[in-house]
Amino acid sequence: RTGNRDFDAWMKWICFQPLLRRLFGCSFLPHHDYGRGGRGWRDLWQDCLSLLLMDPRDVGQMIAANFGGVRTDGTNATIIGSRDGSFLADRNGISRVWMDHALWPLMTTRLYIDQTGDIEILNQPVSYFKDKQCMRGTETDPLWQDSQGNLQLTQEGEVYKGTILEHLLIQQLTAFYETGSHNICRLRDADWNDALDMASERGESVAFTCAYAGNLRSLAEMLCLLKQKSSLETVELMEEVEILLDNDPKNFDDTGRKQKLLTDYAARCRHTVNGRRKVFSLSSLETNLIQKAEWLAGYVRTHEWIDGGEEGWFNSYYDNHGRAVEGFRPDHVRMMLTGQVFAIMGGVASEQQIPKIIKSADHYLYQKKIGGYRLNTDFHEQKFDMGRMFGFAYGEKENGAVFSHMTVMYANALYRRGFVREGWKALKSLADTALDFDTSHIYPGIPEYFRSDGRGMYQYLTGAASWYMMTMITEVFGICGKTGELMIRPRLLAEQFDEENKASLTVPFAGKLLTVIYENPQRKDYGEYRIRAAVCCQKACSTDQGGKDSFVMIPRKWLDELPEKAQTILVQLD
């Protein structure tokens with residue numbers, strides 16, 4: 001409940017959309033002209049995001065099953081079976097590698113740990129996927145046959161299982177080493193934007209290099225938590241992984257050396273693995289990941305920033321000729337939203353750079369009448385050394401439409417970094433356009449994109465709905481888990497409170513149905529209020545009064561002991 005009843009009703013449909021997509025698949029309806037009703041790798045993990053916030057039961061089992069689609073070379077199956085954990089070999093011998101695929105499992109696993117406190121999931125053993133694709137999709141394994149099945153075997157013919165932590169490490173580290181000539185992660189067949197599919201030889205994705213910098217840092221934090229919560233000092237990993245743990249900073253600058261390390265590792269996993277494990281210190285692994293994350297962030301800041309004076313943004317890609325895609329041209333400007341999203345979210349953009357990115361995005365990409373932030377400016381060419389997206393008319397699909405998923409992630413990134421009003425602008429623009437039926441022409445919900453005339457297209461793509469819901473719950477209302485504890489940290493604006501100066505949200509957490517009610521009697525804006533008191537079941541909760549982001553932390557044990565399943569938490573702002 002906010003001050004806008006239409007928005008409140010619309011949010012119910014947003015929460016319903018991921019359930020519809022899980023039932024019916026991805027964009028299968030005839031008028032969508034897109035997809036065949038199946039689910040892809042990203043869908044598996046982003047479905048889990050919404051489930052963790054709505055119905056977290058059994059999500060841990062689903063996550064573990066999904067890790068069974070990861071290959072030992074860090075890539076993954078792309079044909080999803082009919083049940084959780086069911087994967088098929090690539091159809092017709094066509095192997096494709098999307099370079100963003102390693103990103104989503106870690107993000108989802110981190111949310112799962114924060115919501116449940118189940119850090120031990122990292123120690124759960126899971127098998128690996130195996131088919132004839134090997135060497136990260138560049139070769140086929142002549143020794144593999146269909147009769148061997150789709151489970152990775154050891155040299156002794158036994159099914160090899162590694163921990164979920166091992167799966168995560170392999171995914172992130174192989175991405176770190178697969179670089180192009182500019183020392184940026186190779187684009188391969190595409191990243192999140194499937195239409196960037198024509199730069200597989202020399203294309204590079206700065207956007208997802210930033211994302212992997214954030215992931216490496218997040219995985220290091222998870223290792224630290226594992227050490228604190230479980231009293232473990234070491235873990236056992238597949239012996240081959242040691243190759244990927246090179247920590248000489250000089251080698252990070254050498255693209256040839258990085259590519260050779262990756263090739264050496266992938267060659268050892270070409271057909272079988274040796275099955276031997278080696279003990280690694282959690283502290284050393286944590287340091288190793290932080291080193292790589294900081295190197296990536298520093299490298300991108302130094303090499304990819306486009307300086308426009310009071311404006312500025314990051315180049316997002318290199319094309320198949322090895323040229324930077326964005327920047328100032330004699331007669332136009334080339335800017336893409338994706339690189340800005342992950343530079344902000346991944347902690348690459350500095351506090352000084354973010355306001356310049358916002359100013360640039362508002363200048364070159366924002367169109368309020370059609371939903372908000374376009375995915376890119378008009379490049380004025382059919383850029384087929386980059387992808388088929390540039391074959392679409394400008395304003396259609398991936399070429400300059402307002403892509404809801406990326407706009408919501410832009411909002412999420414801004415909230416994470418404390419730019420609350422700017423984040424709400426992105427969220428509200430999407431909602432306002434969707435709710436304006438004369439413009440959007442859609443039933444309630446959030447579409448994949450708004451085309452050039454503002455019409456909403458493709459409503460069964462779950463990514464935008466899951467991320468919108470997650471952003472509203474964890475960032476706007478600020479109700480989120482921190483390794484199983486409940487944090488309440490409101491980032492609501494004055495306009496989001498109703499006529500009684502209240503705003504509320506009901507959400508499941510720790511087996512309870514919690515209704516959090518914020519009272520803002522003076523209708524103060526974000527940054528002007530702090531939490532004065534919080535009460536649950538007639539018991540006062542301890543609050544942190546420091547700074548504009550004051551918060552309440554409620555221990556998991558305390559929530560578990562509450563007598564009733566449904567509880568109200570009253571939070572007074574002053």
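All figures in this text were calculated on a predicted structure; none of them were measured in a lab.
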Any side-chain to backbone donor/acceptor pair from Ser316 onto Gly339? Under 3.5 Å, distance only. yes

Any side-chain donor paired with an acceptor under 3.5 Å for Arg136 and Thr174? yes

Less than 4.5 Å apart, side chain to side chain, heavy atoms only: is that true for Leu232 and Asn123? yes

Could you walk me through whether Met107 and Asn215 pass the side chain to side chain contact (heavy atoms under 4.5 Å, CB included) test, one step at a time? CA-CA 7 Å; Met107 282 187 170; Asn215 258 21; 4.0 Å; yes

Step by step, work out the side chain to side chain contact (heavy atoms under 4.5 Å, CB included) result for Val300 and Ile184. CA-CA 8 Å; Val300 171; Ile184 296 297; 4.2 Å; yes

Begin with the C-alpha distance, continue with both residues' side-chain angles, and end with the deciding distance and a verdict on side chain to side chain contact (heavy atoms under 4.5 Å, CB included) for Thr108 and Val59. CA-CA 10 Å; Thr108 300; Val59 176; 5.9 Å; no

Check: Asn150 and Phe87 side chains under 4.5 Å, non-hydrogen atoms: no

Are any non-hydrogen side-chain atoms of Ile358 and Leu414 less than 4.5 angstrom apart? yes

Between atom CD1 of Ile243 and atom SG of Cys269, what is the distance when rounded to the nearest 0.5 Å? 7.5 Å

Does Arg1 count as lying over the ring of Tyr518, i.e. NZ or CZ under 6.0 Å from the six-ring centre, within 45 degrees of the axis? no

Within the distance-only criterion (no hydrogens, no angle test), does the side chain of Arg556 pair as donor or acceptor with the backbone N or O of Gly484 below 3.5 angstrom? yes

Are Asp248 and Arg257 within salt-bridge range, i.e. N to O under 4.0 Å? no

Is there a side-chain contact between Tyr468 and Gln17 in this structure, where contact means two heavy atoms from C-beta onward sitting under 4.5 Å apart? no

Pair Arg268 + Asp264: basic N to acidic O under 4.0 Å: no

Check: Ser50 side chain, Asp47 main-chain N or O, donor-acceptor pair, under 3.5 Å: yes

Quick check: does any side chain N or O of Asp73 sit under 3.5 Å from a backbone N or O of Ala266, one acting as donor and the other as acceptor? no

Please give me the minimum heavy-atom distance between Ile488 and Ile531, naming the atom from each residue. O-CD1, 3.8 Å

Answer whether the closest heavy-atom distance between the side chains of Met409 and His405 falls below 4.5 Å. yes

Expected output: side-chain Gln61 to main-chain Asp58 donor-acceptor under 3.5 Å: no

Can you tell me how far the CH2 atom of Trp104 sits from the CH2 atom of Trp41, to the nearest 0.5 Å? 13.5 Å

Between the CZ atom in Arg491 and the CG atom in Leu493, the distance rounded to the nearest 0.5 Å is 11.5 Å

Is it true that a side-chain atom of Tyr410 and a backbone atom of Gln340 form a donor plus acceptor pair closer than 3.5 Å? no

For Leu219 versus Gln172, what's the shortest heavy-atom pair and its separation? CD2-CG, 4.1 Å

His167 side chain vs Pro125 backbone, donor-acceptor pair below 3.5 Å: no

Do Asn76 and Trp98 meet the criterion of a side-chain donor-acceptor pair at a distance under 3.5 Å? no

Validation row: Leu122, Thr109 side chains within 4.5 angstrom (heavy atoms): yes

For Ala175 and Cys185, which heavy atoms make the closest approach, and how far apart are they? O-SG, 3.4 Å

Got a salt bridge between Glu240 and Arg276, using NZ or NE/NH1/NH2 to carboxylate O under 4.0 Å? no

Is it the case that atom NZ in Lys512 sees more than 12 heavy atoms from other parts of the structure closer than 6.0 Å? yes

Per salt bridge (charged side-chain N to carboxylate O under 4.0 Å, His left out), Lys278 is matched among Glu239, Glu242, Glu166 by Glu242

Between Thr154 and Glu158, is there a donor-acceptor pair closer than 3.5 Å when you use the side chain of the first and the backbone of the second? yes

What are the two closest heavy atoms between Leu168 and Pro105, and how far apart are they? CD2-C, 4.2 Å

Are any non-hydrogen side-chain atoms of Trp192 and Leu103 less than 4.5 angstrom apart? no

Check the side chains of Asp191 and Tyr317 for a donor-acceptor pair under 3.5 angstrom, ignoring hydrogens and angles. yes

Tyr526 and Asp549: side chain donor to acceptor below 3.5 Å: yes

First locate atom OH of Tyr529, then atom CG of Asn520, and finally report the distance between them rounded to the nearest 0.5 Å. 7.0 Å

Enter the distance from Ile357:CD1 to Ile344:CD1 here, rounded to the nearest 0.5 Å. 4.5 Å

Lys524 side-chain N/O to Asp574 backbone N/O, donor-acceptor pair under 3.5 Å: no

Any donor-acceptor N/O pair, Gln124 side chain to Ala64 backbone, under 3.5 Å: no

Contact summary for Ala207 and Phe342, nearest pair of heavy atoms: O-CB, 3.1 Å

In this structure, CG of Leu44 is separated from CZ of Arg42 (nearest 0.5 Å) by 11.5 Å

Any carboxylate oxygen within less than 4.0 angstrom of a Lys/Arg side-chain nitrogen, looking at Glu351 and Arg417? yes

Under a 4.5 Å cut-off applied to non-hydrogen side-chain atoms, are Phe208 and Thr338 in contact? yes

Under a 4.0 Å threshold between the charged nitrogen and the carboxylate oxygen, would Glu178 count as salt-bridged to Lys258? no

Take Asp100 and Asn193 through the test side chain to side chain contact (heavy atoms under 4.5 Å, CB included) and record every step on the way to the result. CA-CA 9 Å; Asp100 69 306; Asn193 188 341; over 6 Å; no

If every non-hydrogen atom of Gly346 is compared with every non-hydrogen atom of Arg217, which pair is closest and at what distance? O-NH1, 2.9 Å

